[in-house]
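Quick caveat: nothing in here was measured; it's all calculated off a predicted structure. By convention in this document, chain letters (A, B, ...) are assigned in the order of the sequence lines, proteins followed by strands, and residues within each chain are numbered from 1.
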Amino acid sequence: MLDPNCFRGELHNTATKLKKRGFDLDIDTIERLEEERKTLQVKTQELQNLRNMRSKAIGQAKAKGEDIQPLLDEVGDLGEKLKDSSEQLENVQDSLQSIILGVPNIPHEDVPEGNSDEDNVEVRRWGTPKTFDFQVLDHVELGEKHQGMDFEAASKITGSRFMVLKSEIARLHRAVIQFMLNCQVEENGYQEVYVPAIVNQDSLWGTRQLPKFEGDQFSLEGEHGYYLIPTAEIPLTNLVRNEIIDASQLPLKFVAHTPCFRPEAGSYGKDTRGMFRQHQFEKVELVWIVKPEESFAALEKLTQHAEIILQKLNLPYRVVTLCGGDLGFSSTKTYDLEVWLPGQEQYREVSSCSNMLDFQARSLQARYRDPETGKPELIHTLNGSGLAAGRTMIAVMENNQDEQGKIHIPEVLQPYMNGLTVIG
RNA sequence: GGAGAGGUGGCUGAGUGGUCGAAAGCGGCGGUCUUGAAAACCGUUGAGGGGAAACCCUCCCAGGGUUCGAAUCCCUGUCUCUCCGCCA
């Protein structure tokens with residue numbers, strides 16, 4: 001959530017900045033509620049002060065053995081008034097809060113104008129899409145050719161948007177994950193973390209999937225109010241919830257491999273073919289916890305760390321900056337990595353790297369102690385996929401096929417395939 | 001799953017319904033002493049919020065309740081620990 005001060009003196013400025021992402025701030029309502037809040041809060045606190053003083057006086061009188069009855073009479077209807085006032089205050093604060101919780105992060109000034117992914121701006125390209133002098137197969141055809149993908153089995157076992165992988169393809173999938181994880185741990189200095197794939201509501205509030213995006217998670221039956229994670233960003237970022245971190249510990253760089261679960265509501269008819277968009281998929285996630293002044297430099301590094309994976313796999317890709325309208329709720333700036341898929345003849349998303357500034361940290365109450373002032377300050381959080389495993393595997397399959405439909409294993413993956421160089 | 005014990009500041013750990021936001025110790029910071037350091041000694045040191053300000057409010061796991069007044073009493077939840085059972 002945004003700093004409450006964004007809704008006081010800064011209100012009009014905030015509203016202007018939010019327009020970039022197509023968000024309309026209800027200025028009039030906020031101004032009215034703020035006014036009421038101020039009056040009621042001052043009044044309530046005065047009454048509390050009065051109560052505290054009276055109670056104290058009663059305590060002192062009793063200690064001296066004096067008669068406290070006159071003092072008790074004096075209290076009168078103070079309790080009623082206080083209750084009344086604090087209830088009103090609570091109502092106003094709830095109204096304000098529910099507005100504020102629905103307000104997304106302010107886009108960074110670098111973020112391009114625009115409404116949809118068509119307005120995203122390409123930053124750079126790496127590699128050149130190979131030209132094939134034969135009819136390329138997409139990953140579904142390749143997978144079925146090698147008896148490595150069984151979508152019918154998956155829909156029998158569960159339903160649509162699930163998959164069964166077998167044999168070398170299943171192993172290739174695992175190889176991609178191991179490779180990515182090892183690379184981030186051994187070469188880029190990440191701390192490997194194993195986390196729960198089921199989280200409680202507090203964690204979802206912390207990273208702001210709740211209250212606004214309840215429908216984007218699978219919730220579990222039972223009295224716990226648990227959810228399946230749509231991304232490891234949630235458990236990883238919540239590691240620092242309610243913590244005051246020593247400045248010397250920063251930056252924290254976490255990497256984890258987890259399954260991710262997404263209902264994909266609202267994407268009917270989109271990417272229905274193959275394993276591009278699934279209800280369950282594997283992902284290696286990168287999360288940084290940094291000092292505020294370091295977060296934009298961190299975003300560049302984090303993005304590079306995701307890119308290195310694609311480079312080592314020799315997969316052509318491009319990097320785009322998301323425009324205001326395409327930006328995620330909590331992000332101030334996001335780079336998407338899009339890998340070339342010969343089967344679709346287009347660049348498709350395999351990673352999304354975002355700087356959340358203090359937007360999540362505020363609801364997480366995640367802070368560090370500033371050595372200068374000795375005071376706790378909100379940290380900044382960042383996250384990015386490094387990378388989505390299934391989509392990366394698709395790209396490996398499609399980009400490394402030959403005329404016979406054989407899949408050539410990239411060198412860096414061969415050690416994870418027991419030395420296998422080609423499938424088929 | 002059954003039985004019991006507990007959750008207090010950065011940490012350990014006291015706390016009788018009434019100046020308790022909380023003793024003490026450790027740690028941190030500042031100082032005295034020292035050529036320097038250590039030791040010793042002295043001082044200081046929780047978080048969040050409101051208000052133009054003086055100053056005030058809230059917070060002792062969470063949420064309710066009792067009371068003029070709750071860290072302290074009651075209820076519910078939650079987590080941790082110990083024992084038993086079960087188990088990968």
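Of the candidate nucleotides B/G49, B/A47, B/G18, B/G49 has the atom lying nearest to any side-chain atom of A/Q41. Out of B/A47, B/G50, B/U19, the shortest distance to the side chain of A/R8 is found at B/G50. Nearest nucleotide to the A/Q48 side chain, out of B/C68, B/C57, B/G51: B/C57. Closest to the side chain of A/Q60, from the set B/A47, B/G69, B/U19, is B/U19.
B/G7 and B/C56 have their C1' atoms separated by 31 Å, with the value rounded to a whole Å. B/U19 and B/G69 have their C1' atoms separated by 12 Å, with the value rounded to a whole Å. B/C86 and B/C79: their C1' atoms are spaced 22 Å apart (whole Å). Only the P atoms considered, B/A88 is 23 Å distant from B/U80, to the nearest whole Å. Comparing the C1' positions of B/G2 and B/C57 gives a spacing of 46 Å, expressed to the nearest Å. The separation of B/A47 from B/G21, taken at their C1' atoms, amounts to 10 Å, rounded to a whole angstrom. If you take atom P in B/U72 and the same atom in B/G1, they sit 29 Å apart, rounded to whole Å. Rounded to whole Å, the separation between the C1' atoms of B/C26 and B/A14 comes to 15 Å.
The partner of B/C81 is B/G4, by the rule that a Watson-Crick or G-U pair needs both atom distances under 3.5 Å. Searching all strands for a Watson-Crick or G-U wobble partner of B/A23 with both distances below 3.5 Å returns nothing. B/U35 is unpaired under the criterion used here, namely a Watson-Crick or G-U wobble arrangement in which both key atom distances are under 3.5 Å. With a cut-off of 3.5 Å on both Watson-Crick or G-U wobble distances, the partner of B/C29 is given as B/G43. The pairing partner recorded for B/U16 is none, the criterion being a Watson-Crick or G-U wobble arrangement whose two distances lie under 3.5 angstrom. B/C73 and B/G65 make up a base pair, with Watson-Crick or G-U wobble contacts both under 3.5 Å.
The phosphate of B/G51 (OP1 or OP2) has a side-chain N or O of A/R37 nearer than 4.0 angstrom. Checking the phosphate oxygens (OP1, OP2) of B/C56, no side-chain nitrogen or oxygen of A/N49 falls inside 4.0 Å. Remark: A/N52 is not in phosphate contact with B/C56, judged by side-chain N or O atoms under 4.0 Å from OP1 or OP2. Here A/R51 does not reach the OP1 or OP2 of B/C56: none of its side-chain N or O atoms lies under 4.0 Å away.
Between A/H139 and A/F151, the ring planes lie perpendicular to each other; the angle is over 60°, past the 30° to 60° tilted range.
A salt bridge links A/D271 and A/R348; the closest N-O separation between the charged side-chain nitrogens and carboxylate oxygens is under 4.0 Å. With salt bridges taken as basic N to acidic carboxylate O contacts below 4.0 Å, none links A/E10 and A/K17. With respect to A/D216 and A/R262, no salt bridge is recorded, no charged nitrogen being found less than 4.0 Å from a carboxylate O. Between A/E34 and A/R37 there is a salt bridge, with a side-chain nitrogen of the basic residue lying less than 4.0 Å from a carboxylate oxygen of the acidic one. Between A/R369 and A/D246 there is no salt bridge, since no side-chain nitrogen of the basic residue lies less than 4.0 Å from a carboxylate oxygen of the acidic one.
Side-chain contact check for A/Y317 and A/E307: at least one donor-acceptor pair (N or O, by modelled atom type) lies under 3.5 Å. For the 3.5 Å distance criterion, the side chains of A/H257 and A/E282 qualify, holding a donor opposite an acceptor.
One interatomic measurement links the two molecules: OH of A/Y368 to C1' of B/A47, which rounds to 17 Å at whole-angstrom precision. Taking atom CG on A/L47 and atom C1' on B/C68, their separation rounds to 14 Å, with Å as the unit. Spacing between atom CE of A/M1 and atom C1' of B/G49 amounts to 13 Å, rounded to whole angstrom units. Across the protein-nucleic acid pair, A/L96 atom CG and B/G50 atom P stand 12 Å apart, rounded to whole Å. Taking atom CZ on A/R362 and atom C1' on B/G48, their separation rounds to 13 Å, with Å as the unit. Look at CG on A/D246: it is 12 Å from P on B/G28, rounded to the nearest Å. One can place CG of A/L89 at 11 Å from P of B/G51, the figure rounded to the nearest angstrom. Whole-Å rounding puts the A/D370 CG to B/A47 C1' distance at 16 Å.
Backbone-only engagement by A/P376 is indicated by non-hydrogen atom pairs under 4.0 Å involving sugar-phosphate atoms exclusively. Among the protein residues, A/Q365 comes within range of no part of the nucleic acid, since none of its heavy atoms lies under 4.0 Å from any strand.
A donor-acceptor contact under 3.5 angstrom links the side-chain atoms of A/K62 to the base of B/G18.
Residues A/Y226 and A/L72 each lie close to RNA chain B; by heavy-atom proximity, the contact nearer the 5' end of the strand is made by A/L72. Mapping A/R369 and A/K38 onto RNA chain B by nearest heavy atom places A/R369 at the nucleotide closer to the 5' end.
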